[in-house]
Amino acid sequence: MSFPLLTATAVLPAVGAIATAAVPAARRTAAKWLALLVSLATLVLAIVVLVRFDPGGARYQLTESHAWIADFGVRYELGVDGIAVALIALTALLMPFIILAGWHDADPLETGSKRWRPTQGFFALILAVEAMVIISFEATDVFLFYIFFEAMLIPMYFLIGGFGDRAHAGSDENAAAQRSYAAVKFLLYNLVGGLIMLAAVIGLYVVAGNFSLAEIAQARANGSLHMATSTERWLFLGFFFAFAVKAPLWPLHTWLPNAMQESTAPVAVLITAVVDKVGTFAMLRFCLQLFPEASKWATPAILVLAVISIIYGALLAVGQRDIKRLVAYASISHFGFIILGIFAMTSQGQSGATLYMVNHGISTAALMLVAGFLISRRGSRLIADYGGVQKVAPVLAGTFLIGGLATLSLPGLAPFVSEFLVLVGTFTRYPAIGIIATLGIVLAALYTLVLYQRTMTGPVKPEVSAMPDLRVRELVVVTPLIVLLIFLGVYPKPVTDIVNPAVKQTMSDVHKTDPKPAAEAAK
């Protein structure tokens, strides 16, 4: 039997989470280093997966399949296509930076505080989330995917509710109430979506007789499995609803600003750069592959919701006074672009959407982590409490600017390529939708540059006059992310070469081809 590489990639952080949680209470620093080493070892395994994956080979590679609950047709089946490989690499890449950025976020609070911050638990929960996200990307059994799709809510609930942002105006009691509200809202929204999906998963089993993604898709392709039109549409809606909550798509998005506002900056990155990607990934893997006709039927409505997310998220970002809420609404706008690319049903759109998932993860991590360093120095999330930071902390201001420019998709930085592909892919099939979506770019420039102007330029406020610049640990976190943003902005080919074959197969699943260019169609 060959080495179960995919299982190892998911199990290693899970075992690391248990080991980190078991470190004695007095050995907080040892727990931090153990979590960091486990995340680095997981990154090594993810790189091995990336190297061993052949973009020109079979659709699902490095597969594993074992009987699990045989009486119900449930198997332990893993496999990765190019999209999954890219997102596994993104997850494993971001985790060491998330851990380093949160190095002191779970340290004990000052004497007399009523809050207890178990350091070991904080880092163990982060590793547990990593394990569940990775296996969600790997699972090719629908039931196996569902289990971890839901299970990741538990550690995220405790990370939001138990380790909130210290920069909270008000008493400890008020801060605890806000954290609790954000955590419960996150949990309830996603649980409701998950329960609706569970009904659809059961319905799929009743129709297909098993949970194997490959077998069901093959049976649908060769005509041996037929779904009534109404059945397929209801099942599609059950899956899509859960993924739209996770993504998040308007109007199911309202949990995200609260969760990001009350979380520490590393946990906010974990939410929007890692966990939320499971939703958009699942739309490609499950919705389009299992329910191709229903996906095409729902496309017009989903495109409208995606455009509303783009404009609505950007407009609300413009009016925010809280730095974290601004980034949260900007992310809602960006997820609108990703979903727009997926359901534009063009190869450019879907390639751009997949690339956007990777690039958004890197750019949001860079911006939010630098914002977290800024907030920890001043002790406030309010934009109005800053001013003139670039004069006292130029490196911090410079990295903040690059992260912001990546967020507005400046040419030369990674998100530009993905956003351009999404818009081109949308224009070729739905020109009116593409034109409206382009307004999101204008609004992104507005909220990003206004944020930078109000926090970094102008007279130096007395409260920031002694603000230190980025320290060595913080530079170690930010520098590789900035380098990646520039590298993938200039040369995205390493990622597109991996994802494009998987995108072509997804287009084949829904029986779609790219529209002919206008000049060629006119001949």
Side-chain angles (χ1 to χ4, degrees), residues 81-84 86-87 90 240 243-244 246-250 272-273 276-289 292 295-296 298-311 313-314 330-364 406-409 414-441 444 488-489 492 495-496 498-510 512-515:
D81 59 5
I83 299 170
L87 293 176
L90 171 70
F240 181 80
F243 303 151
K246 184 84 78 178
L249 178 68
W250 183 92
T272 191
D276 287 354
K277 298 300 188 299
V278 178
T280 47
F281 163 80
M283 291 178 189
L284 281 165
R285 171 166 282 191
F286 296 102
C287 287
L288 269 60
Q289 191 171 346
S295 296
K296 290 186 284 188
T299 288
I302 294 172
L303 292 179
V304 170
L305 294 178
V307 169
I308 293 174
S309 287
I310 292 169
I311 305 302
S331 290
I332 292 168
S333 181
H334 296 151
F335 275 104
F337 276 109
I338 294 171
I339 296 170
L340 183 68
I342 292 172
F343 285 91
M345 300 293 185
T346 60
S347 57
Q348 300 100 324
Q350 291 189 357
S351 293
T354 305
L355 188 60
Y356 213 139
M357 293 185 219
V358 176
N359 292 338
H360 173 263
I362 299 170
S363 62
T364 299
T407 298
L408 65 81
S409 299
F416 169 77
V417 181
S418 43
E419 197 165 284
F420 177 78
L421 286 172
V422 166
L423 290 173
V424 167
T426 304
F427 271 118
T428 58
R429 198 180 292 278
Y430 304 100
I433 294 288
I435 291 170
I436 298 171
T438 305
L439 296 175
I441 301 176
L488 292 177
V495 181
T496 56
I498 293 173
V499 304
N500 281 346
V503 165
K504 291 179 180 177
Q505 290 166 330
T506 303
M507 290 283 291
S508 176
D509 290 334
V510 293
K512 282 282 191 178
T513 57
D514 290 329

(Q) Side chains of Leu423 and Ile441, heavy atoms from C-beta outward: is any pair under 4.5 Å? (A) yes
Q: Report the distance from atom OG1 of Thr354 to atom CG of Leu421, rounding to the nearest 0.5 Å.
A: 10.5 Å
Q: For the residue pair Met357 and Leu90, establish whether any side-chain heavy-atom pair is separated by less than 4.5 Å.
A: no
Q.
If you compare all heavy atoms of Met283 against all heavy atoms of Phe343, which two are closest, and at what distance to 0.1 Å?
A. SD-CE1, 4.0 Å
Q.
Minimum heavy-atom separation for Ala414 and Leu488, please, with both atom names.
A. CB-CB, 3.7 Å
Q) Is any side-chain heavy atom of Ile342 less than 4.5 Å from a side-chain heavy atom of Leu288? A) yes
Q.
Quick one: does any side-chain atom of Arg429 pair with a main-chain N or O of Met345 as donor and acceptor, under 3.5 Å?
A. yes
Q: Could you tell me which non-hydrogen atom of Ser295 sits nearest to which non-hydrogen atom of Cys287, and how far apart they are?
A: OG-O, 3.0 Å
Q: Please report the shortest heavy-atom distance between Leu303 and Ala344, naming the atom on each side.
A: CD2-N, 4.0 Å
Q | Contact check, side chains of Ile310 and Phe337, non-hydrogen atoms, under 4.5 Å | A | yes
Q | Separation between OH of Tyr430 and CD1 of Ile435, rounded to the nearest 0.5 Å | A | 15.0 Å
Q. Side-chain contact, heavy-atom cut-off 4.5 Å: Ile302 with Ile339?
A. yes
Q: Calculate, to the nearest 0.5 Å, the distance between atoms CD1 and CG belonging to Ile83 and Leu355 respectively.
A: 11.5 Å
Q. Is any side-chain heavy atom of Ile338 less than 4.5 Å from a side-chain heavy atom of Phe335?
A. yes
Q: Look only at the side chain of Ser351 and the backbone of Gln348, and say whether a donor-acceptor pair between them is shorter than 3.5 Å.
A: no
(Q) If we ignore hydrogens and angles and just use 3.5 Å, is the side chain of Ser508 paired with the main-chain N or O of Lys504 as donor and acceptor? (A) no
**Q.** Partner set under side chain to side chain contact (heavy atoms under 4.5 Å, CB included) for Val307, not counting sequence neighbours
**A.** Ile311, Leu340, Ile433, Ile436
Q | Ser363 side chain vs His360 backbone, donor-acceptor pair below 3.5 Å | A | yes
Q) Does Thr407 offer a backbone N or O that forms a donor-acceptor pair with the side chain of His334 under 3.5 Å? A) yes
Q | Approximate separation, where rounding is to 0.5 Å, of Arg285 CZ and Thr506 OG1 | A | 9.5 Å
Q) From Asp81 CG over to Phe281 CZ, what is the distance, rounded to the nearest 0.5 angstrom? A) 6.0 Å
Q. Distance from Leu284 atom CG to Gln350 atom CD, nearest 0.5 Å?
A. 5.5 Å
Q. What are the two closest non-hydrogen atoms of Ala86 and Val499, and how far apart are they?
A. CB-CG1, 4.0 Å
Q) Would a distance-only check, ignoring hydrogens and angles, find a side-chain to backbone donor-acceptor pair under 3.5 Å from Lys277 to Thr272? A) yes
Q: Locate the shortest heavy-atom distance separating Val422 from Tyr356; write the atom from each residue and the value.
A: CG2-CD1, 4.2 Å
**Q.** Gly336 backbone acceptor or donor facing Ser309 side chain under 3.5 Å
**A.** no
